[in-house]
Number of protein chains: 2
Amino acid sequence: MQPALNHRIGDKSLRRGYADAMALSDICADCAVRDHALCGSLDDRELDALNSLGQKRRIARGETLIWAGDDNLICANLLSGVMKMVASTSDGREQIVGLLYPADFVGQPYREEADFSITALTDAELCVFPRLPFQRVLEDHVRMERLLLQRTLQTLNEARNRMLTLARKSASERVAGFLLDMEVRAASAGCRATPTGPATFDLSLTRGQIADVLGLTIETVSRQLTKLKEAGLIRLPGGRAITISNRDALERRAEAA
Amino acid sequence: MQPALNHRIGDKSLRRGYADAMALSDICADCAVRDHALCGSLDDRELDALNSLGQKRRIARGETLIWAGDDNLICANLLSGVMKMVASTSDGREQIVGLLYPADFVGQPYREEADFSITALTDAELCVFPRLPFQRVLEDHVRMERLLLQRTLQTLNEARNRMLTLARKSASERVAGFLLDMEVRAASAGCRATPTGPATFDLSLTRGQIADVLGLTIETVSRQLTKLKEAGLIRLPGGRAITISNRDALERRAEAA
DNA sequence: CGCGTTTTTGAACGCCGTCAAATAATGTGG
DNA sequence: CCACATTATTTGACGGCGTTCAAAAACGCG
């Protein structure tokens, strides 16, 4: 089905099919997320097999990679940027069911039709694979399949915890919990050495997107943030930055009605 | 904090490993769910390997197999009965994050601590496996691992759709959708030949359990059911039976605020 | 029949959504 | 760099949906 591309071509950009594949292969060498993505489980030779399928693709903020309801044609690895996975009702109500960060796997393997839309919240880069060939690679590479299983299990756990939040927690619990989650992610992205002190970070989401994640409205999110500010638990230095000035209190509020 | 679980003492446990394994192995031969459970992917020889680990276990209605927060020691296949998977807040609010039916896989592989409690809603039977050895079997049997991956992906999809429901749908949409879901399950369990006509079935859940699934209260569920009855979409013949007398209208109500 | 449990029904409250408007932030072309 | 347009956020007023609290009715089981 796919030509084996184990040989190198001197000038990468001369010809199309081959050139793209090789370009991707080269990029893997200094891929920012390779160690954290699914392909981290592959050795160089296996990587070639995957690369012969994949194409690197840039996407602008606001662009939608996959539309719910369409044929489910592709999977991907997210290289940079942030994306959202959205479920929606027929009359347009929306819920973000997952945020995707660099090294995350994107898409729904073994699904004929896409159930959710996937849209870029920032400019983003991905390695995109056609779904069916990707599934075949998956089945030929146990370690990758295993890694996907473990990630999927982890994602499922998170989804279930989110159900508890969406169904049973108050607006102030949701917002407080969300800020703590985002702080953890920001910290691990920035790899700050000091886990102490007032942590300032940028939550690159609009109020509307936060609302979509938390199952609230823009107004409620905004009101809760000002409440937290007035209570002295956080500061809002402007833009989309957040300073957590009293994490203990924030953690308490994250699990008290 | 909770009753000890793995101390079931019976005549069989006098002669350990072998007797149990053979007993289980024998039972597999006429296992009601074998073709639908994960072990359906194993041949007889492989089944032996799994069986040497497993123990068949009966559980009474209301008993809890796994407690959230405990060490995550076991996985299982559900043979008969219905169980619930519950997430809860520190102050006791609960949400059912999954219902488990015969042939479903039970537990959280690759997790050190159980995140959710798993409790029997009816008397139930399971094949219980210690988690770590089970994981090893999983890794030695690609087909089973693949099957688990595919199931997990499917479950994740369902979880994400549930997020939409919990976050954005009205009480009447939730109840209508729930009845339709249960009807599908009841129909597939009973394998009715006629997909037409007024379908009567038993939703073996109490109002409280329905409320726990839908993220509502008992009162709200009850009120919505009477509304549906008064609107002529369903009948409540008593007990926990439901008759769907106008499925089209019910489907419309399931996705209209 | 009598008792405990589940379900239904009623009444009042409160959280959050909706609608509306003011203010702040961001971007754009001149 | 500013003036202006656009978008995002904050703030306010109000109402509705679902919860909470309470009690009656129906059911199940000895």
Phosphate OP1/OP2 of dT11(D) contacted by T226(A) side-chain N/O (<4.0 Å) | yes
Test side chain to side chain contact (heavy atoms under 4.5 Å, CB included) on L180(A) and E251(A) and set out the steps.
-> CA-CA 7 Å; L180(A) 291 167; E251(A) 276 166 1; 3.5 Å; yes
L214(B) CG - dG18(D) C1' separation (whole Å) | 13 Å
Could you walk me through whether I210(A) and L214(A) pass the side chain to side chain contact (heavy atoms under 4.5 Å, CB included) check?
-> CA-CA 6 Å; I210(A) 298 172; L214(A) 297 180; 3.7 Å; yes
Rounded to whole Å, the CG-P distance (L225(B) to dT9(C)) equals 10 Å
Passing option when M85(B) is tested against V106(B), D115(B), I66(B), V97(B) for side chain to side chain contact (heavy atoms under 4.5 Å, CB included) | V97(B)
CG/L236(B) to CD1/I242(B) distance, rounded to the nearest 0.5 angstrom?
-> 5.0 Å
Apply side chain to side chain contact (heavy atoms under 4.5 Å, CB included) to D104(B) and R151(B), showing your working.
-> CA-CA 9 Å; D104(B) 280 353; R151(B) 278 192 187 213; 4.2 Å; yes
In whole angstrom, give the distance that lies between atom CD1 of I234(A) and atom C1' of dT10(D).
-> 14 Å
Is the Lys NZ or Arg CZ of R185(A) less than 6.0 Å from the centre of Y101(A)'s six-membered ring, within 45° of the axis?
-> yes
Over how many whole Å does the gap from R207(B) atom CZ to dA25(D) atom P extend?
-> 19 Å
What is the distance, rounded to the nearest whole Å, between atom CD of E173(B) and atom P of dC17(D)?
-> 12 Å
Rounded distance in Å - CG (L166(B)) to P (dG18(D)) = 13 Å
S222(B) near the nucleic acid: base, sugar-phosphate alone, or nothing, with a heavy-atom cut-off under 4.0 Å?
-> base
Is R174(A) salt-bridged to D181(A), cutoff N-O under 4.0 Å?
-> no
Euclidean distance, atom CG of residue D212(A) to atom P of dT9(D) [Å, nearest integer] | 12 Å
Atom-to-atom span, CG of D202(B) to P of dG28(D) - whole angstrom = 11 Å
Any side-chain N or O of R240(B) less than 4.0 Å from the OP1 or OP2 oxygen of dT7(C)?
-> yes
Readout for nucleotides 12-24 of chain C: B = base within 4.0 Å of protein heavy atom, S = sugar-phosphate only, - = neither; 5' to 3' it is ----SSBB-----
